[in-house]
Undergrad: 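Take a look at the following structure, please.
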There are 2 protein chains.
Amino acid sequence: MKHKSFAKETCAIARSLNVVGEWWNLLIVREAFSGITKFADFQKRLGIARNILTVRLRQLVDDGILQTGKNGGERFEYTLTDKGRDLIYTLVAMSQWGSKWLFTSGKPSPRLVDKQDLLELSSLQLRSRNGRILGNNDVEFLKTHGKH
Amino acid sequence: MKHKSFAKETCAIARSLNVVGEWWNLLIVREAFSGITKFADFQKRLGIARNILTVRLRQLVDDGILQTGKNGGERFEYTLTDKGRDLIYTLVAMSQWGSKWLFTSGKPSPRLVDKQDLLELSSLQLRSRNGRILGNNDVEFLKTHGKH
DNA sequence: CGGTATCCCTGAAGATACTG
DNA sequence: CAGTATCTTCAGGGATACCG
């Protein structure tokens with residue numbers, strides 16, 4: 001993009017956006033969670049241009065979200081690292097938000113499920129340190145530094 | 001961007017990205033959670049160009065994430081709608097992911113806190129329908145439609 | 001199959017001057 | 001203060017031909 005990099009931001013959200021904010025990245029990660037590992041499969045399922053896919057995959061590997069070859073599985077196979085797999089929380093949050101607010105007519109069919117029973121997950125909940133469940137209005141961002 | 005809109009996607013993640021994927025949007029929402037309501041304050045805290053801020057704010061209002069004037073508070077005040085406030089889950093997920101993985105030297109100071117005691121939230125947990133806590137590898141995306 | 005290399009286009013973002 | 005208008009730049013993305 002055009003903006004200054006957020007890589008040095010003190011805000012974790014800004015830094016995350018810097019890594020994961022590119023349009024295709026989260027969708028590629030989503031496909032990786034679906035078990036997709038090969039270039040051609042990512043390309044076909046996403047309809048992304050091949051050269052872009054090359055760049056995106058390389059960046060995701062550089063950022064430690066996907067691994068390939070010696071580090072991970074087979075050559076020519078992209079698999080999620082632990083860091084990448086931890087993006088599941090972000091994907092779940094976005095998926096649930098989208099399901100709730102962006103489907104005017106009916107709900108989308110669940111795609112994110114518990115592996116064991118293939119049933120949809122329950123909604124994410126915010127919890128305080130002591131386990132109390134918090135609503136979306138019980139949380140606050142501290143204005144710490146005056147900038148970001 | 002250049003890509004086809006994801007607005008009609010059956011995947012909730014893709015649709016969410018379509019609304020919230022723009023770089024600045026989540027940061028603007030973050031500021032809104034911090035209590036920022038005024039144009040000049042968004043502009044100063046984010047360092048975003050004024051014309052871009054105009055466009056982004058308008059889009060966020062159109063998308064029902066922020067409200068202003070008659071719908072919401074005062075004129076010239078941007079406040080979160082319920083839909084917007086529900087983005088807290090996504091922000092928390094990204095914030096926690098970034099805190100965990102993107103700060104090589106030390107943790108960032110917590111900014112996302114429980115309003116009551118100003119203590120950091122606990123980590124998000126995935127839960128199955130019956131409340132069992134799931135790890136980041138216990139979840140699966142169904143490959144339903146072959147495309148998206 | 002798994003990419004790279006070109007070429008082009010577009011829209012997001014920046015800077016800045018201006019208006020009500 | 002809350003924008004709008006204009007001009008420019010640039011990186012992300014698409015299409016496609018090519019390579020090992």
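Please read all numbers here as calculations on a predicted model, not as lab measurements.
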Undergrad: Please give, in whole Å, the distance from D:dC1 C1' to B:Lys44 NZ?
TA: 10 Å
Undergrad: Kindly write out the residues that satisfy salt bridge (charged side-chain N to carboxylate O under 4.0 Å, His left out) with B:Arg132, not counting sequence neighbours, or none if the list is empty.
TA: A:Asp114
Undergrad: Looking only at side-chain N and O atoms, does A:Trp24 come under 4.0 Å of OP1 or OP2 in D:dG14?
TA: yes
Undergrad: Starting at CD of B:Gln43 and ending at P of D:dT4, how long is that distance when rounded to a whole Å?
TA: 14 Å
Undergrad: Let me check something: do B:Phe39 and B:Ile28 share a hydrophobic cluster, defined by ILVMFWY side-chain heavy atoms less than 4.5 Å apart, either directly or through other members?
TA: yes
Undergrad: Would you find more than 12 non-hydrogen atoms of other residues, nucleotides or ligands less than 6.0 Å from A:Lys38 atom NZ?
TA: no
Undergrad: Step by step, work out the side chain to side chain contact (heavy atoms under 4.5 Å, CB included) result for B:Met94 and B:Leu26.
TA: CA-CA 10 Å; B:Met94 294 189 59; B:Leu26 281 178; 3.7 Å; yes
Undergrad: Does the cation-pi check pass for A:Arg30 over B:Phe141, that is, NZ or CZ under 6.0 Å from the six-membered ring centre and within 45° of its axis?
TA: no
Undergrad: What are the atom names and distances for every N/O pair under 3.5 Å that joins the protein to nucleotides 5-7 of chain D?
TA:
residue : atom : partner : partner atom : Å
D:dT6   : O4   : B:Asn51 : ND2          : 2.9

Undergrad: For A:Leu17 and C:dA12, what is the distance between atoms CG and P respectively, to the nearest whole Å?
TA: 16 Å
Undergrad: Tell me: CG of A:Leu53 to C1' of D:dT16, nearest whole Å?
TA: 15 Å
Undergrad: Quick one: is D:dG3 close enough that its OP1 or OP2 comes under 4.0 Å of any side-chain N or O from B:Thr54?
TA: no
Undergrad: B:Trp23 has an atom CH2; how far is it from atom C1' of D:dA11, in whole Å?
TA: 11 Å
Undergrad: Just say parallel, tilted or perpendicular for the rings of A:Phe6 and B:Trp23, cut-offs at 30° and 60°.
TA: tilted
Undergrad: Atom CD in A:Gln96, atom OG in A:Ser123: separation rounded to 0.5 Å?
TA: 4.5 Å
Undergrad: Rounded to the nearest angstrom, tell me the gap between atom CZ in A:Phe39 and atom P in C:dG2.
TA: 9 Å
Undergrad: In whole angstroms, how far is the C1' atom of D:dA2 from the CD atom of B:Glu77?
TA: 13 Å
Undergrad: Side chain of A:Ala40: nearest nucleotide among D:dG3, C:dG14, C:dC1?
TA: C:dC1
Undergrad: May I ask you to evaluate whether A:Arg58 reaches the phosphate of C:dG3, defined as a side-chain N or O under 4.0 Å from OP1 or OP2?
TA: no
Undergrad: Using atom CG of B:Asn18 as one end and atom P of D:dG13 as the other, report the distance to the nearest whole Å.
TA: 13 Å
